[in-house]
Protein chains: 2
Amino acid sequence: MVTIGDIARAAGVSRSTASYALSGKRSISEEVQERVREAARELGYTPNAGARALATAETRVIGLLARFLDDEFAPAMLQYIRGVSDTARAHGYDTLLVTEADGARALRRITSSRMVDGVVLLNVAEGDARLPLLRKAPQPGALVGLPGDCAGVDVFDLDFEAAGRLMVDHMHRLRHRELLLVSQPEHVVERGGAYVWRLRDAVVQQARARGIRLHAAFGESRQPEVGRSLHALLDAHPTATGLLLGNEAAAAALPSVLHARGLAAPRDLSVVGRYSDEFARTFSLPFSSIESAPDLLGELAVSQLVRRITTPEGSEEPHVLRLLPPELVDRGSTGPPPAAPRTSSVQGGTP
Amino acid sequence: MVTIGDIARAAGVSRSTASYALSGKRSISEEVQERVREAARELGYTPNAGARALATAETRVIGLLARFLDDEFAPAMLQYIRGVSDTARAHGYDTLLVTEADGARALRRITSSRMVDGVVLLNVAEGDARLPLLRKAPQPGALVGLPGDCAGVDVFDLDFEAAGRLMVDHMHRLRHRELLLVSQPEHVVERGGAYVWRLRDAVVQQARARGIRLHAAFGESRQPEVGRSLHALLDAHPTATGLLLGNEAAAAALPSVLHARGLAAPRDLSVVGRYSDEFARTFSLPFSSIESAPDLLGELAVSQLVRRITTPEGSEEPHVLRLLPPELVDRGSTGPPPAAPRTSSVQGGTP
DNA sequence: CTGAAAGCGCTTACAG
DNA sequence: CTGAAAGCGCTTACAG
């Protein structure tokens, strides 16, 4: 292994001079600087990360705590991970990915051993067990997902309440008067997935305010249950003309369900989902949707985290809570309600 | 920050004794051991990872180099990542996830700075630019994906040739005599994605051996192109009775395509794909498929990597090349060919 | 502009 | 069974 000592010797200077020449942290004569650089290049020198971390108390690594829960839709997670990882790199940081089931334990491990300079938490729940630990940790943390208590951390999330209102208003403007809402599975709520009820409550309230009949159901996260529950919901409410989807798994399953019933959007049913454009393109989902912006959320969280890391200790800026205003991406799946009500469940019926 | 010095002082012993008591690397009296452990617990001691890495030349971190390529289907990647990350943790390692576009550069960074004890490369291509660097690195590496030259690394992959033969033989046994094959997009091949032609060539050859007419096409990785190309293929070959899918994006798009044409599998068309069971369940893909086993491949790669890391330098065991025998998961989408040929493209026709 | 030295927090031969 | 010391490779005050 080639060390800074080797570089110093090759360049005929002291180790400190070699270090300064490479870092540029104090002025070094042109000539020496060139000799050192040349030696480093020639010997293929890279500073030892552990040694540097020990000396500077900086690892240039951020921790990313992701959880894969049975009742959530895994593919959506990938985009958050990419957003975080790519942004971290752009700031000169590497990413330690932790997928351990026991997130609190994992968080303690990586923070108290100083493996990371800061931490991004994905999939944050209302009373997230990782938060008390994060607040005690010496490193700053940024969250994607809104917890009950935001003290001591920077928080980024979609504004799910505004998203709920936007869905309803969009349908209301098109003159729909009876809507269906499919949320995430009920366990997600029980586990503290606050975004579920933030969206749901907003939808319920706005529907009431607009004089719209609303039938709200919890969905499923897995096939074939998702499809069955969609069928059941459509069967139960044949006069509903619009469908709001808070649930990515339901959105992915909907095209088959519509086909099986001989329905088309927006001709027979107007549909609005809530997922990313990337997701829509990957699975060819033809429904208008509220962009969930996973890459942007990851990027914002990391950028803020890096600011905290690099900002001097004392100058504590107040913590940030940023809820992104929802945007509706129009893919043409909404329109005025049909004149006649849908025919009820016709397996494979003609359109 | 609480250091081993603090523990030593609290327990009234030297730092070395404290270290040994915690690591158990030499015999320490019961009593002292207890005092040290108690002190560590009380003060909440965790060894500093950087300091430990510097002293031991071990980081207990493995690097995971993933690439997200436009012409590949991103959701499939997540399962590899989880397999690697979970297995690493089970062995006591953390995972540094690198998604940088320039994989070779990233590999050099993390290996030469000794951020990791070993490296797993995902998505390995025929003449992978990362391999020469990996061979020069001081850390061992394990690959998921078969490169042209396996020297110096451990390699794990699905046996794509056997998979191709299995697909054809399965259809042949059911008396199909004309088949369609949809591979990955052609750019994947151009880029050196060897698994594409390994599967394709084996299918072509086996079809010839069995006297089967085969129409092989490259697919697309994105909607709506995927769907269009499937339609075009089905239009072009109305007498083909079986469809082989090497391409996950095509598999995800197929249900809509079949619905739109009023076709059902296996009644009108027998279908075999190549993707994981997890993938099938997430997207409710009703097609029999050859299990691509991403979690198992990730697990095997990491387990072997850990063995290399922990094995003493000299005792170089020969490198491993392991190709998993394909397994067909039957989801009931294959059967005997229909008596009458398919009617050609009928948009929304009755079944 | 440059060098000698201390120190980051750990582990592990070396001595007793 | 235990302690004092060296060393891992770096950075950065301290001195000139």
Side-chain angles (χ1 to χ4, degrees), chain A residues 1-37 39-40 43-61 109-117 138-139 312, chain B residues 1-37 39-40 43-61 109-117 138-139 312:
Chain A
M1 168 173 226
V2 29
T3 74
I4 194 145
D6 299 326
I7 305 306
R9 198 171 320 115
V13 296
S14 73
R15 298 194 303 151
S16 58
T17 301
S19 174
Y20 283 121
L22 258 22
S23 72
K25 287 196 183 167
R26 81 176 177 194
S27 44
I28 299 283
S29 70
E30 267 304 316
E31 192 227 324
V32 168
Q33 204 153 131
E34 193 37 54
R35 283 215 313 274
V36 171
R37 289 227 188 91
L43 302 181
Y45 170 71
T46 315
N48 179 298
R52 172 174 277 180
L54 186 55
T56 61
E58 273 190 9
T59 63
R60 311 233 29 132
V61 174
R109 186 181 67 252
I110 67 173
T111 54
S112 67
S113 65
R114 309 292 171 110
M115 298 179 80
V116 296
D117 292 340
Q139 297 95 336
Chain B
M1 169 174 225
V2 29
T3 75
I4 194 144
D6 299 327
I7 305 304
R9 198 172 319 118
V13 296
S14 73
R15 296 193 307 152
S16 60
T17 300
S19 175
Y20 284 122
L22 258 20
S23 73
K25 287 195 183 167
R26 83 176 178 194
S27 44
I28 299 283
S29 70
E30 267 303 316
E31 193 225 322
V32 167
Q33 203 153 131
E34 193 37 55
R35 283 217 311 273
V36 172
R37 288 226 189 91
L43 303 180
Y45 170 70
T46 314
N48 178 297
R52 173 174 276 179
L54 186 56
T56 61
E58 272 190 9
T59 63
R60 309 233 31 131
V61 174
R109 185 181 69 251
I110 68 172
T111 55
S112 66
S113 65
R114 309 292 171 109
M115 298 179 80
V116 297
D117 292 341
Q139 298 96 334

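Everything numeric in this text was worked out from a predicted model, so none of it was measured. Side chains are part of it too, since the values below use all heavy atoms of this structure and drop only hydrogens, waters and symmetry mates. Numbers restart at 1 for each chain; the letters A, B, ... are given by sequence-line order, proteins then strands.
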Let me know the distance between CZ of B:Arg15 and C1' of C:dA13, rounded to the nearest Å.
15 Å
Ignoring hydrogens and geometry, is there a side-chain-to-backbone donor-acceptor pair from B:Arg15 to B:Ala8 under 3.5 Å?
no
Between C1' of D:dT2 and CD of B:Glu34, the distance in whole Å
18 Å
If you only use heavy atoms from C-beta on, which nucleotide in D:dG3, D:dA13, D:dT11 is closest to the side chain of A:Arg26?
D:dA13
Starting at CZ of B:Arg60 and ending at C1' of C:dC10, how long is that distance when rounded to a whole Å?
16 Å
Residue whose closest nucleotide on DNA chain D lies nearer the 5' end, B:Ser29 versus A:Thr46:
B:Ser29
With a 3.5 angstrom cut-off on both distances, give the Watson-Crick or G-U wobble partner of D:dA4, or none if there isn't one.
none
A:Arg9 has an atom CZ; how far is it from atom P of C:dG3, in whole Å?
14 Å
Candidate nucleotides C:dT11, D:dC10, D:dT2, ranked by approach to the side chain of B:Val32 - the nearest:
D:dT2
What's the CG-P distance between B:Asn48 and D:dC8, to the nearest Å?
18 Å
Starting from P on C:dG9, measure out to CE on B:Met1 and report it in whole angstrom.
6 Å
What is the base-pairing partner of C:dA13, counting Watson-Crick and G-U wobble geometry with both distances under 3.5 Å?
none
Value in whole Å for how far the P atom of C:dT2 lies from CZ of A:Arg35:
8 Å
What closest approach, in Å, do A:Ala40 and A:Ile7 show between heavy atoms, and which atom pair accounts for it?
CA-CD1, 3.7 Å
Report yes if at least one side-chain N or O of A:Lys25 is closer than 4.0 Å to OP1 or OP2 of D:dT11; otherwise report no.
no
Below 4.5 Å, heavy atoms only, C-beta onward: do A:Thr3 and A:Asn48 meet side chain to side chain?
no
Is the phosphate of C:dC10, meaning OP1 or OP2, less than 4.0 Å from a side-chain N or O of B:Tyr45?
yes
Any sub-3.5 Å donor-acceptor pair from A:Asp117's side-chain atoms to A:Thr59's backbone N or O?
yes
Would you give the length of the straight line joining atom CD of B:Glu31 to atom CD of B:Glu34, rounded to the nearest 0.5 angstrom?
9.5 Å
Are OP1 or OP2 of C:dT11 and a side-chain N or O of B:Arg52 less than 4.0 angstrom apart?
yes
Under 4.0 Å from OP1 or OP2 of C:dG3: is there any side-chain N or O of A:Ser14 that close?
yes
Mind running side chain to side chain contact (heavy atoms under 4.5 Å, CB included) on A:Arg52 and A:Arg60 for me, showing each step along the way?
CA-CA 10 Å; A:Arg52 172 174 277 180; A:Arg60 311 233 29 132; 5.8 Å; no
Just the rounded figure in Å: distance from C1' of D:dA5 to OH of B:Tyr20.
12 Å
Does the side chain of B:Thr17 get closer than 4.0 angstrom to OP1 or OP2 of D:dG3 through an N or O atom?
yes
Could you say whether B:Leu54 or B:Ser23 is positioned toward the 5' end of DNA chain C, judged by the nucleotide with the nearest heavy atom to each?
B:Leu54
Quick one: is C:dT11 close enough that its OP1 or OP2 comes under 4.0 Å of any side-chain N or O from B:Ser19?
yes
Sugar-phosphate, base or nothing in reach of B:Ser16, heavy atoms under 4.0 Å
base
Looking only at side-chain N and O atoms, does B:Thr56 come under 4.0 Å of OP1 or OP2 in C:dT11?
no
Contact class for B:Ser27 vs. all strands (heavy atom < 4.0 Å): base, sugar-phosphate, or nothing?
base
